[in-house]
Amino acid sequence: MAEATSRALDRISTAPRYSEADAIRLNNMFRGRDTVEMLETVLKEQMLGDVAVVSSFGAEAVVLLHLISRVDPAVPVLFLETGKHFPETLSYRDQITALLGLSDVRSLTPEAGDILNRDETGLRWSYDPDGCCEIRKVKPLAKALADFDAQISGRKAFQSATRAALPRFEIEEGRLKMNPLADWDKAQIDAYFAEHSLPRHPLEAQGYLSIGCAPCTSIVKPGEDPRAGRWRGWDKTECGIHTPVTSSDDNGANDPVF
Ligand code: SF4
């Protein structure tokens, strides 16, 4: 490892909580660096502490999982088992887990009491999607992430206008979030699929370009953002486990990697 990088690593807090200064420092450290090199450094050096990947096992999710599995297939993968997924997603999760040899995929389920008290009919998504996401996604993930210092997400800037300024490293509620694919475009994603012969989510060919829970996912029309099919008809762009990116302080983190 370069001496400059070692010095920079020494300055990064190893405490379980991070600051905006840590994210800025990391964005500067890895500016212009290849994604694979960045992941190898971060994971092998354990420079972010205890890390988990949060994956939807939706369209394109396998790219990040493949990249990580080649460095360390034992990195915990957190999957929000909301009870509302397409059966195809659950099958795809199992297929990808076996294919990549992921040894620690954890399915996070909602609290039984929350379902009983706040969504007994299972239809809360139809009149209060924020409340439904709170029960089925936000709370279970927050509980699971309490055991980790940082999370890795598969978000990409090109997916929607609300993610256009996505940096590689950011801080959310005191926890570090790493977005290794922030600066990848659609062509790079497609090339990676082809190069490694990775299987596509079975619903992608039907026009589902961003795949979440079945009731809140629809087919994307030509010319729309890939995420336009999520919560169609609602003023809602994220489920609450991510917040829309409103400013860019990435110090060039969106520069092309290749
Ligand atoms: S995406 Fe839809 S079904 Fe899934 S948790 Fe959110 S509101 Fe509920």
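Reckoned from all heavy atoms, side chains included, excluding hydrogens, waters and symmetry mates. Numbering starts at 1 and runs along the sequence shown. Note that ligands are numbered from 1 as they come in the structure, with each ligand's atoms numbered from 1 the same way.
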Atoms in ligand 1 with a heavy atom of C216 nearer than 4.0 Å: 1 (S), 2 (Fe), 3 (S), 7 (S)
Contact atoms of ligand 1, heavy-atom distance to K84 under 4.0 Å: 3 (S)
What pairs of residues pass the salt bridge (Lys or Arg N to Asp or Glu O under 4.0 Å) test when at least one of them lies in residues 68-81, not counting sequence neighbours? none
Any side-chain heavy atom of C213 within less than 4.5 Å of one from K137? yes
Is the distance between the ring centroids of F169 and Y18 less than 6.0 Å? no
Option nearest atom 8 (Fe) of ligand 1 (shortest heavy-atom distance, choices A214, P110, C132): C132
Taking non-hydrogen atoms only, is C133 closer than 4.0 angstrom to ligand 1 via side chain, backbone, both or neither? both
What residues, two or more places apart in sequence or in another chain, satisfy ring-ring contact (aromatic ring centres under 6.0 Å, His included) together with H66? Y192, H196
Just to be sure I read this right, does ligand 1 sit under 4.0 Å from the backbone of K137, its side chain, both, or neither, counting only heavy atoms? side chain
Contacting atoms of ligand 1, where contact means under 4.0 angstrom from a heavy atom of C213: 1 (S), 3 (S), 4 (Fe)
Give me the atom names and distance for the closest heavy-atom approach of A182 to P167. CB-O, 3.7 Å
